[in-house]
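To keep things clear, I will list the structure first and then write my remarks on it.
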2 protein chains.
Amino acid sequence: MQVAIEEAKKGLEEGGIPIGAVLARDGKLLSKGHNMRVQENNPLLHAEMTCIRNAGLMKNYKDTILYSTLMPCFMCAGAVVEFKIPTVIAGESKTFKGAKKFLQRNNVKVINLNLSECRQMMESFIEKNPLLWKEDIGEL
Amino acid sequence: MQVAIEEAKKGLEEGGIPIGAVLARDGKLLSKGHNMRVQENNPLLHAEMTCIRNAGLMKNYKDTILYSTLMPCFMCAGAVVEFKIPTVIAGESKTFKGAKKFLQRNNVKVINLNLSECRQMMESFIEKNPLLWKEDIGEL
C-alpha cells in the first residue's frame with residue numbers, strides 16, 4: 001500500500017487526482033499507476049485502470065491483489081470482476097463509498113485498511129477541487 | 001449501429017477482436033472505437049472503453065447512448081454505470097452474455113438488437129482465435 005500511496009502523491013504533483021494503485025502477486029509488484037484522467041484527458045484512467053493498463057496483457061489474474069488508496073468505483077470494480085482479480089485492498093472508503101458490495105457479491109475479497117493518510121489526501125484534494133472530483137466519479 | 005459494425009470490421013482488419021462501439025447524443029456521433037487490446041497491448045481497451053476514451057473528458061454523459069456490437073462485459077458495464085450513461089444498445093448477446101442484468105439493476109436501459117451480422121462476425125472470430133477471445137473476457 002505504501003507504493004500505492006507514493007503513486008497517489010506523484011499524481012498530485014502532476015496536477016492530477018491523488019489516487020494510486022498497485023497490482024501484485026506473491027508479494028511481487030506486477031505494475032503500479034495513478035489516476036491520469038487529467039494528465040491524459042482520458043476518462044478511463046482511474047488509478048486502478050492505469051495500473052491494470054500498465055501491466056499489459058496478462059494470461060490471467062489468478063492470485064493477484066489489487067491495492068488502491070481508495071475503494072474502487074463501479075468501472076474499476078467491473079474490471080476486477082471481469083478479469084477475476086480475487087482480492088482488493090483499499091486504503092479508505094470514507095471520502096468515496098465505491099462499489100464494495102458489488103465486488104463482494106461477485107466473490108472478490110475486499111479489505112479496507114481505513115488509513116488516515118489516504119483519507120486526508122483525498123479530503124484535502126476534494127476541498128480544493130470539487131468539480132474535478134465530481135467529474136471523475138460521474139457526478140457532475 | 002452501422003458505424004459500430006464498421007469499427008468492428010476495422011478491428012478485424014488490424015488483427016484485433018472485431019467489436020465496435022459508438023457514443024452518441026441526440027442522434028449525433030460523439031466518438032467511436034473498436035477493441036484495441038491486441039493492437040495496443042492494453043487490457044482495458046474493449047470497444048466500449050476505446051470509444052469512451054476517444055470521447056475525452058466529458059462533463060457528463062446525460063442523454064448519451066452507447067452502441068456496441070456485443071453486449072458489454074462487467075468492466076464496460078461498470079464504466080456505463082459509473083459515468084451514468086443512460087442507454088446501451090447491443091448488437092447481440094449470443095456469443096457473450098455480458099453484464100445485461102447488472103446494467104438493468106443499475107437503471108440502465110438495455111436494448112439487444114440481436115443482429116445476425118454481429119453474431120456471425122464474433123462466431124467466426126472465436127472459432128479461429130479461441131485463446132485470444134478467452135483472454136479478452138478473463139476466462140483463460
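Quantities reported herein were computed from a predicted structural model and do not represent experimental measurements. Within every chain, numbering begins at 1; the chains are lettered A, B, ... in the order of the sequence lines, protein sequences first and strands thereafter.
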request  = Find out if a path of hydrophobic residues (ILVMFWY) with successive side-chain heavy-atom gaps under 4.5 Å connects F96(A) to M75(A).
outcome  = no

inquiry  = With clusters defined by side-chain heavy atoms of hydrophobic residues (ILVMFWY) lying less than 4.5 Å apart, directly or transitively, does L30(B) cluster with I65(B)?
reply    = no

inquiry  = Assigning hydrophobic clusters by single linkage (Ile, Leu, Val, Met, Phe, Trp, Tyr; side-chain heavy-atom cutoff under 4.5 Å), is V108(B) placed with M71(B)?
reply    = yes

query = Which answer fits L45(B), side chain, backbone, both or neither, if we ask what part of it has an atom under 4.5 Å from a heavy atom of chain A?
reply = side chain

task = Would you mind telling me which of F102(A), F83(A), F74(A) makes a side chain to side chain contact (heavy atoms under 4.5 Å, CB included) with F74(B)?
result = F102(A)

query = Is there a path from M36(B) to M49(A) through hydrophobic residues (I, L, V, M, F, W, Y) whose side chains come within less than 4.5 Å of each other?
reply = yes

remark   = Smallest heavy-atom separation, I52(B) atom then P43(A) atom, equals O-CG, 3.4 Å

How about the chain B/chain A donor-acceptor pairs under 3.5 Å, what are they, with distances?
from: N41(B); atom 1: OD1; to: L57(A); atom 2: N; distance (Å): 3.3
from: L57(B); atom 1: N; to: N41(A); atom 2: OD1; distance (Å): 3.3
from: F74(B); atom 1: N; to: E82(A); atom 2: OE1; distance (Å): 3.0
from: M75(B); atom 1: N; to: G78(A); atom 2: O; distance (Å): 3.4
from: G78(B); atom 1: O; to: M75(A); atom 2: N; distance (Å): 3.4
from: E82(B); atom 1: OE1; to: F74(A); atom 2: N; distance (Å): 3.0
from: K84(B); atom 1: NZ; to: G138(A); atom 2: O; distance (Å): 3.1
from: G138(B); atom 1: O; to: K84(A); atom 2: NZ; distance (Å): 3.1

ask   = Are M58(A) and V38(B) co-members of a hydrophobic cluster defined by side-chain heavy atoms under 4.5 Å apart?
value = no

